[in-house]
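Written below as C-alpha cells is the structure these notes are about.
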Amino acid sequence: MKQCFFSLMLAALLLSPVLSSTAQAQQRMSSSQIAELEEHVKEQRTAYQRYVLAEQEATEDGSLEFARQCREAKIKAFEAYSASNARLQAAKSQQNQRKKRAEISSDYR
C-alpha cells in the first residue's frame with residue numbers, strides 16, 4: 001500500500017507542469033491563471049506534507065529503504081513547492097503593481 005502511494009505521488013509530482021521562473025516573470029498572468037497556480041501550490045504543499053508523514057511512518061515501522069525513498073521524494077516535492085510558490089508570489093506582486101499603475105493612471109484622467 002505504501003509503495004503504491006509512493007509511486008502515485010512521485011508520478012504526480014514528476015508530471016506536474018514546471019515553468020521556468022524567468023519565462024513566468026515575462027508573462028502577464030490573468031486572475032484565473034493565478035488562481036490555478038495557487039491551487040497547484042496547494043497541491044504541491046500537500047504532496048510535500050504527505051511525504052513527510054510517509055517518511056515518519058516508514059522510519060517508525062523500520063522500513064529504512066522506503067523511508068529513504070520518501071525522504072528523496074520529500075526533498076523533490078519541497079523544491080517543486082518552493083519554485084511554484086515563488087512564481088505565485090511574483091505573479092501576485094506583478095498583478096498588484098499593474099493594479100496600482102491602473103489606479104494612478106485613472107486618477108490623472
Side-chain angles (χ1 to χ4, degrees):
M1 177 71 177
K2 288 182 182 180
Q3 292 290 351
C4 181
F5 169 76
F6 174 74
S7 298
L8 288 175
M9 291 301 294
L10 186 57
L13 177 67
L14 295 176
L15 294 175
S16 66
V18 178
L19 303 171
S20 72
S21 57
T22 55
Q24 191 66 29
Q26 295 173 355
Q27 187 180 36
R28 285 189 177 183
M29 294 185 75
S30 68
S31 295
S32 63
Q33 289 172 317
I34 290 175
E36 288 176 21
L37 185 55
E38 284 177 332
E39 187 61 32
H40 184 69
V41 168
K42 288 178 188 176
E43 290 170 0
Q44 288 183 323
R45 183 179 56 233
T46 300
Y48 168 75
Q49 292 169 339
R50 288 184 178 164
Y51 282 125
V52 168
L53 293 175
E55 179 188 8
Q56 290 173 349
E57 289 176 6
T59 301
E60 291 170 1
D61 292 346
S63 303
L64 299 181
E65 178 60 24
F66 185 63
R68 183 190 63 75
Q69 291 173 348
C70 289
R71 187 171 26 263
E72 290 173 4
K74 176 185 76 172
I75 291 167
K76 289 179 183 178
F78 183 76
E79 290 169 353
Y81 162 73
S82 296
S84 292
N85 192 42
R87 286 193 306 274
L88 174 62
Q89 297 309 315
K92 284 183 173 183
S93 175
Q94 187 180 49
Q95 184 182 45
N96 287 337
Q97 289 173 357
R98 283 195 315 266
K99 285 181 182 178
K100 286 179 184 177
R101 282 194 299 265
E103 289 173 5
I104 290 171
S105 66
S106 67
D107 289 344
Y108 288 110
R109 289 183 187 178

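Each residue takes its place number in the sequence, starting with 1.
- We find the CZ-CD distance between R71 and Q56 to be 11.5 Å, quoted to the nearest 0.5 Å.
- One finds the CD1 atom of I34 at 13.0 Å from the CZ atom of R87 (value rounded to the nearest 0.5 Å).
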Residue pair H40, E36: steps toward the side-chain hydrogen bond (donor to acceptor under 3.5 Å, both in side chains) verdict:
CA-CA 6 Å; H40 184 69; E36 288 176 21; over 6 Å; no
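- A donor-acceptor pair under 3.5 Å is absent between the side-chain atoms of E55 and the main chain of V52, judged by distance alone.
- In this structure, the separation between OH on Y81 and CD on E43 is 13.5 Å, given to the nearest 0.5 Å.
- Listed by chain and residue number, E38 satisfy the side-chain hydrogen bond (donor to acceptor under 3.5 Å, both in side chains) test with K92 (two or more places apart in sequence, or in another chain).
- With values rounded to the nearest 0.5 angstrom, M29 atom CE is found 9.5 Å from R98 atom CZ.
- Tested against Q97 for a side-chain contact (heavy atoms from CB on, under 4.5 Å), the candidates Q95, R101, K99 yield a single pass: R101.
- By the 4.5 Å heavy-atom criterion applied to side chains, F66 and Q69 are counted as neighbours.
- Legend: residues meeting salt bridge (Lys or Arg N to Asp or Glu O under 4.0 Å) with E39, ordered by chain and number and at least two apart, are absent.
- In this structure, the side chain of T46 engages the main chain of K42 through a donor-acceptor pair within 3.5 Å.
- In this structure, Y48 has its ring center closer than 6.0 angstrom to the ring center of F78.
- If you take CD on E57 and CD on E60, they are separated by 7.0 Å, rounding to the nearest 0.5 Å.
- In terms of the salt bridge (Lys or Arg N to Asp or Glu O under 4.0 Å) criterion, residue partners of R68 (sequence neighbours excluded) are, by chain and number, E65, E72.
- Here N85 contributes atom CG and R45 contributes atom CZ; the two are 8.0 Å apart, rounded to the nearest 0.5 Å.
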